[in-house]
Amino acid sequence: MSVLDAPVTAAAPAAPTAGLTPVFVQLKLTLLRNGLRQSSGRKAAFIVSLVFTLLLAAGQVLALVLLRGNAHAGTVVVLLTAVVALGWAVLPLFFPSGDDTLDPTRLVMLPLRPQPLVRALLVSSMVGIGPLFTLCLVVGSVLALAHGPAGVVFAVLAVPLTLLLCVALSRAVTTANVRLLNSRKGRDLAVLSGLVIAVGIQFVNFGAQRLGQAGGLSALEPAGNAARWLPGASAIAAVDAASEGSYGVAVLQLLVTVAALGALVWMWQRGLVKLMTAPDGSTLAAAEPSRKESGRTGLSGLLPEGRTGTVVQRSLRYVARDPKTKAAWVTALAIGAIVPLLNALQGTGSIYFACFAAGMLGMQMYNQFGQDTSAFWMVALTISSTRDAYVELRARAYALLLITLPYTVLVCVVTAAVLGRWQALPGVLGLSFALLGAMLGIGAVASALFPYSIPQEGAFKNVAPGQGGLAWISIISGMLAAPVLAGPVIALTVWLHVADHHSALWLVVPAGAVYGALIGWAGLRIAAPRTANRLPEILTAVSKG
């Protein structure tokens with residue numbers, strides 16, 4: 001039984017909770033002050049962040065006040081509030097170390113009741129730069145919308161409700177995932193956070209372009225009407241409705257926020273109780289009986305036995321478990337789809353932009369041994385001949401193809417569907433297959449000739465010091481040589497278009513597949529003896545990180 005559920009007895013009296021909230025607020029301020037005393041750099045960073053946030057918040061408030069009276073002010077403000085609430089829900093998953101002073105797992109051994117604890121954590125969570133920025137934005141939002149006495153009344157209620165909802169949403173999500181955020185998977189999310197932000201910026205840029213093409217803020221009306229009933233924005237929408245005299249709608253929208261806040265607090269409390277009472281994997285008995293599988297199942301049952309199947313499984317596990325490898329793959333998958341699809345949605349792109357997906361994924365064949373880091377010495381011990389090196393490289397290529405082939409086909413088909421260019425789809429597929437095969441072959445050779453180490457520390461540090469030149473040679477050579485090697489298929493596709501033989505474009509699919517397979521096979525054959533002969537140099541290069 002946990003301290004959260006333990007009955008109050010004379011031997012173990014419960015800690016007084018009447019003054020728990022001010023104690024937690026004071027604790028938060030003390031921890032913040034002591035943290036700033038640790039170093040002048042940390043203090044400077046906090047001051048700069050605070051000043052920047054205040055300036056940004058002041059600009060937001062001024063812009064929202066200037067929006068007052070605009071016909072589309074309600075739509076803009078409601079959507080902005082919804083985006084801010086979404087940020088409160090998502091950002092803790094990608095920046096779990098942003099506020100570790102209120103980690104509920106540190107309170108497990110204290111005799112605290114769930115309800116007072118939730119109340120104290122909720123209030124103390126409002127101390128910080130993030131809540132300050134959100135408060136300024138919410139105040140600016142109601143200033144832009146509130147008209148008349150009814151609007152002012154609803155604005156007074158909407159400001160604290162919206163701020164409480166954002167904070168409660170953040171804490172409920174964090175509590176539900178606190179064990180994940182403290183695990184290796186949580187660190188994986190931190191590594192991928194930069195990618196998520198970069199992809200999000202691309203979508204924001206695309207939305208801004210579409211907004212300009214649509215002729216102004218009126219294009220946001222459908223999204224704004226839907227967001228008015230979302231908990232994160234419904235309280236602000238209630239201010240707009242009350243200002244326009246729709247009091248019934250305003251009350252309903254305010255009740256949506258109140259109900260959502262109550263549900264979040266209840267879920268948060270249940271999450272705290274479960275977190276502080278349920279055992280995790282570290283507290284379970286180590287000698288618990290394990291279930292032994294009777295045979296090869298899953299993917300291992302489909303792969304051939306021996307070195308090929310083993311290497312394929314090892315490579316796929318790197319993709320699923322190693323943060324750096326996973327980040328590289330997710331980046332390639334995301335950008336490989338975003339570039340052709342966003343251009344297609346804008347109506348300015350060519351269907352052949354879909355070949356970008358094959359190019360991005362083909363880059364994953366480069367520096368194969370660097371992905372192993374210092375663990376490559378165990379692989380090197382198993383390579384005693386050119387044949388061993390060839391099978392090793394071939395299996396790594398197979399693992400890459402298990403992901404890249406279906407993904408490339410998917411991107412090509414979706415791009416053709418968006419553009420309505422089904423007749424040109426065979427040409428794109430054939431070119432993608434040829435380009436992918438060329439990059440597999442070049443990547444195998446580059447892995448043997450230009451290996452470099454990938455440091456494990458630092459989310460954005462992908463090359464060890466002093467090896468940047470090797471990385472650039474490997475990447476640039478692939479980017480320049482792959483289109484040259486795929487030249488025959490490119491020439492065939494261009495000739496069929498110029499000669500107006502569009503009905504014969506289907507020939508490019510088998511031609512590209514066969515040619516790509518031959519180029520890839522040739523690259524593996526060339527790379528195998530060089531890998532076997534340069535094992536000491538490769539091992540030294542990839543172990544520097």
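FYI, side chains are in, hydrogens and waters are out, and symmetry mates aren't considered; it's all heavy atoms of this structure.
Taken from CG in Leu137 to CG in Leu132, the straight-line distance is 11.5 Å, to the nearest 0.5 Å. With values rounded to the nearest 0.5 angstrom, Leu122 atom CG is found 9.5 Å from Arg171 atom CZ. Atom OG1 in Thr81 sits 11.0 Å away from atom CG in Leu230 (nearest 0.5 Å). Between the CE atom in Met267 and the CG atom in Leu169 there is a gap of 9.0 Å [rounded to 0.5 Å]. Taking CG of Leu121 as the start and CD of Gln269 as the end, the distance is 11.5 Å to the nearest 0.5 Å. Taken from CD1 in Ile338 to CG in Leu333, the straight-line distance is 10.5 Å, to the nearest 0.5 Å.
Side-chain atoms of Val265 and Val118, non-hydrogen and from C-beta on, do get closer than 4.5 Å to each other. Side-chain contact check for Pro131 versus Trp88: some heavy-atom pair is nearer than 4.5 Å. The shortest side-chain heavy-atom distance between Asn70 and Val76 does not fall under the 4.5 Å cut-off. Contact annotation: the side chain of Val138 never approaches that of Val84 to less than 4.5 Å [non-hydrogen atoms, C-beta and beyond]. Contact of the Val256 side chain with the Trp229 side chain is registered, since non-hydrogen atoms from C-beta on lie closer than 4.5 Å. Inter-residue side-chain proximity for Val411 and Phe353 is flagged as unmet; no heavy-atom pair is nearer than 4.5 Å. Taking 4.5 Å as the limit, every side-chain heavy atom of Ile236 sits out of range of all side-chain heavy atoms of Asp240. For the pair Val159/Val139, a side-chain contact is recorded, criterion being any heavy-atom separation below 4.5 Å from C-beta on.
Each of Leu361, Leu316, Thr408 was evaluated against Ile403; a single residue qualifies, Leu316, per the side-chain contact (heavy atoms from CB on, under 4.5 Å) test.
Listed here is the closest heavy atom pair of Gly336 and Tyr407: C-OH, 4.2 Å. A pairwise comparison of heavy atoms in Ala238 and Leu254 identifies CB-N, 3.9 Å as the closest pair. The minimum heavy-atom distance between Val61 and Cys136, with the atom names listed, is CG2-O, 3.2 Å. In terms of heavy-atom proximity, Ala168 sits nearest to Leu261 at CB-CD1, 3.9 Å. Contact between Gly151 and Val239 at its shortest, heavy atoms only, is O-CG1, 3.8 Å. Here the closest non-hydrogen pair linking Ala233 and Ala227 is CB-O, 3.6 Å.
For Arg396 (side chain) and Gln368 (main-chain N/O), a donor-acceptor pair under 3.5 Å exists by modelled atom type. Judged by distance alone, with hydrogens and angles left aside, the side-chain atoms of Arg68 form a donor-acceptor pair with the main-chain N or O of Leu143 at under 3.5 Å. The main-chain N or O of Cys166 is never found under 3.5 Å from a side-chain atom of Ser170 such that the two would form a donor-acceptor pair. Side chain of Thr53 to main chain of Phe133: no donor-acceptor pair is present (N/O by atom type, distance under 3.5 Å, no hydrogens or angles). A donor-acceptor pair under 3.5 Å links the side-chain atoms of Ser243 to the main chain of His147, judged by distance alone. The closest donor-acceptor contact from the side chain of Ser234 to the backbone of Gln253 lies under 3.5 Å. In this structure a side-chain-to-backbone donor-acceptor pair under 3.5 Å is present from Thr257 to Ala235.
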Yes or no on side-chain contact (heavy atoms from CB on, under 4.5 Å) for Val379 and Phe376, after CA distance, side-chain angles and deciding distance? CA-CA 5 Å; Val379 178; Phe376 178 69; 3.9 Å; yes

Go through Thr134 and Val167 one step at a time and tell me if the side-chain contact (heavy atoms from CB on, under 4.5 Å) criterion holds. CA-CA 10 Å; Thr134 304; Val167 175; over 6 Å; no

Step-by-step side-chain contact (heavy atoms from CB on, under 4.5 Å) determination, Leu80 to Gln60: CA-CA 11 Å; Leu80 180 62; Gln60 290 281 355; 4.2 Å; yes

Let's go through Val142 and Phe154 carefully: what are the C-alpha distance in whole Å and the side-chain angles of both, what is the deciding distance for side-chain contact (heavy atoms from CB on, under 4.5 Å) to 0.1 Å, and is it a yes or a no? CA-CA 9 Å; Val142 298; Phe154 275 86; over 6 Å; no

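Taking a 6.0 Å sphere around CH2 of Trp377, one finds it holds 12 or fewer heavy atoms contributed by other residues, nucleotides or ligands.
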